[in-house]
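This report refers to the structure that appears directly beneath it.
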Amino acid sequence: MSKKLDELFTRVLKSRIFKNRELLRPDYLPDELPHREKQILSLAKILAPALHGERPSNIFIYGLTGTGKTAVTRHVLKAIEKRREARGRIITTYANCRHDDTNYRILAKLCETINVKVPFTGLATAEVYKRYVEGVERKKRIIIIVLDEIDALVKKSGDDLLYKLTRINTQLKKSKVCIIGITNDLKFTEYLSARVISSLGEEELVFPPYRAPELEDILRMRARDAFKPGVIGQGVIELCAALAAREHGDARRALDLLRIAGEIAEREGNVKVEIRHVKEARREIERDRVVEVLKTMPLHSKIVLLAIYLQNKSGKRETTTGEIYDTYRELCERLQLDVLTQRRISDLINEMDTLGIIHAKVISRGRYGRTKAVKISISEKSLKEGLLKDEFISKIL
DNA sequence: CGTCCACAGGAATGACGGGCGG
DNA sequence: CCGCCCGTCATTCCTGTGGACG
């Protein structure tokens with residue numbers, strides 16, 4: 001056994017495919033961002049006043065996932081920080097609102113970057129905010145706050161925090177705060193109140209999706225340094241680009257495809273990355289994503305999903321809330337668990353809808369009521385793989 | 001054209017686990 | 001250590017509603 005392991009490690013270390021795999025990771029920031037020159041310049045122009053101590057306008061950045069919003073922002077901030085003028089004058093803060101999706105956690109994160117200590121929980125949000133304002137004022141700097149995937153925060157916790165942050169400068173004398181909001185939801189402003197839109201949207205930048213040829217450029221540039229020479233087979237780059245272009249021009253997806261295709265080829269002991277590896281990579285990505293989401297869902301969501309699945313299996317392609325709830329209740333009784341109310345189940349169904357596990361559409365059937373038509377939008381295989389990990393669920397299946 | 005189904009989804013409230021200040 | 005307050009999850013109660021049926 002240990003000999004086999006040894007061989008495996010050696011093989012991975014002496015990769016015949018990769019020269020530097022890290023270059024393909026989604027959070028790697030390359031020196032050059034092809035086809036985003038315009039956005040880089042615009043953003044730099046807006047932020048430049050910070051260098052001589054003026055507050056830059058707040059900025060709203062729109063664009064679908066993988067269109068380079070985060071990369072461009074980090075790129076520009078990095079360039080600003082490098083300038084001599086920035087020293088002792090500018091502090092930049094980055095927070096991802098999908099990762100930290102409550103007002104409290106965002107504030108805690110902001111506090112962290114200006115060395116203000118706050119506990120994980122327990123304090124009132126208003127208290128944390130107060131400490132943050134005090135901390136900022138003490139710093140006497142221009143603070144640039146990047147709130148990535150800001151839509152996630154607003155949808156969950158409302159725009160209160162945003163409002164406060166846009167007004168924060170009225171409480172400050174020695175420091176100034178500038179906010180960059182990044183969102184991949186183009187209709188995001190619907191969730192915002194007018195007061196926030198006007199102050200946050202002083203400037204707006206739109207990132208269009210990458211087209212397939214542009215994705216090819218990006219991939220080729222990264223592949224040149226990430227892979228050993230000559231290992232990329234005919235048409236591999238083009239396929240990755242085409243698949244990602246179909247997914248609204250998502251560069252992250254394109255890079256993931258290429259990296260995982262490379263990993264699959266390597267696992268096979270192949271010396272070339274071929275088209276079939278890319279196809280397999282696509283399947284793997286989708287499966288992993290879904291299984292990961294399923295595994296981390298709360299127990300009752302899993303049971304609801306199972307209920308939908310069982311309804312599905314007994315012939316119907318679509319189910320309604322009422323039918324799901326009945327089945328759900330039976331399952332709970334069999335497992336001797338407390339039954340949640342229908343109101344709560346309705347929320348759980350909505351949550352799974354936004355996660356993309358199921359598809360729920362409100363339909364009206366006249367005097368037979370108004371309900372939701374629910375169907376599962378993931379493969380049976382990944383559903384089982386994700387659910388069977390749960391000890392309760394596996395009792396039933 | 002009004003009715004009325006079967007829910008959707010908002011608001012208020014309670015239970016619970018956890019940190020804070022004294 | 002205690003009483004207090006907080007955020008989160010869940011319940012209860014509620015009003016709203018698209019359109020087939022009569």
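Every chain is numbered from 1, with letters handed out A, B, ... down the list of sequences. FYI, side chains are in, hydrogens and waters are out, and symmetry mates aren't considered; it's all heavy atoms of this structure. This structure is a prediction, so every number in the text was calculated from the model and none was measured.
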Protein-nucleotide distance (A:Arg105, atom CZ; B:dG18, atom P), rounded to Å: 15 Å
Rounded distance in Å - CG (A:Leu340) to C1' (C:dT8): 14 Å
Non-hydrogen side-chain atoms of A:Lys272 and A:Val236 separated by less than 4.5 Å: no
Note, A:Met352 side chain near A:Val374 side chain (heavy atom, < 4.5 Å): no
Residue that, paired with A:Glu280, satisfies salt bridge (charged side-chain N to carboxylate O under 4.0 Å, His left out) out of A:Arg283, A:Arg282, A:Arg276: A:Arg283
Touch class at under 4.0 angstrom, heavy-atom based, for A:Val128 against every strand present: nothing
A:Ile349 vs A:Ile345 side-chain heavy atoms within contact, under 4.5 Å: yes
A:Glu81 side chain to A:Thr92 side chain, donor-acceptor N/O pair below 3.5 angstrom: yes
Integer-rounded Å distance: C:dT8 P and A:Glu351 CD: 13 Å
Base-contact (B) and sugar-phosphate-only (S) positions in nucleotides 5-15 of chain B, heavy-atom cut-off under 4.0 Å, - elsewhere: BBSSBB-----
Rounded distance (Å) that lies between atom P of C:dA10 and atom CG of A:Asp338: 11 Å
Single hit among A:Asn350, A:Thr319, A:Asp353 for side-chain hydrogen bond (donor to acceptor under 3.5 Å, both in side chains) with A:Lys372: A:Asn350
C:dG19 phosphate, OP1 or OP2, under 4.0 Å from A:Ser364 side-chain N/O: no
Protein-nucleotide distance (A:Arg131, atom CZ; C:dC6, atom P), rounded to Å: 13 Å
Distance, rounded to the nearest Å, where A:Leu161 contributes CG and C:dG7 contributes P: 12 Å
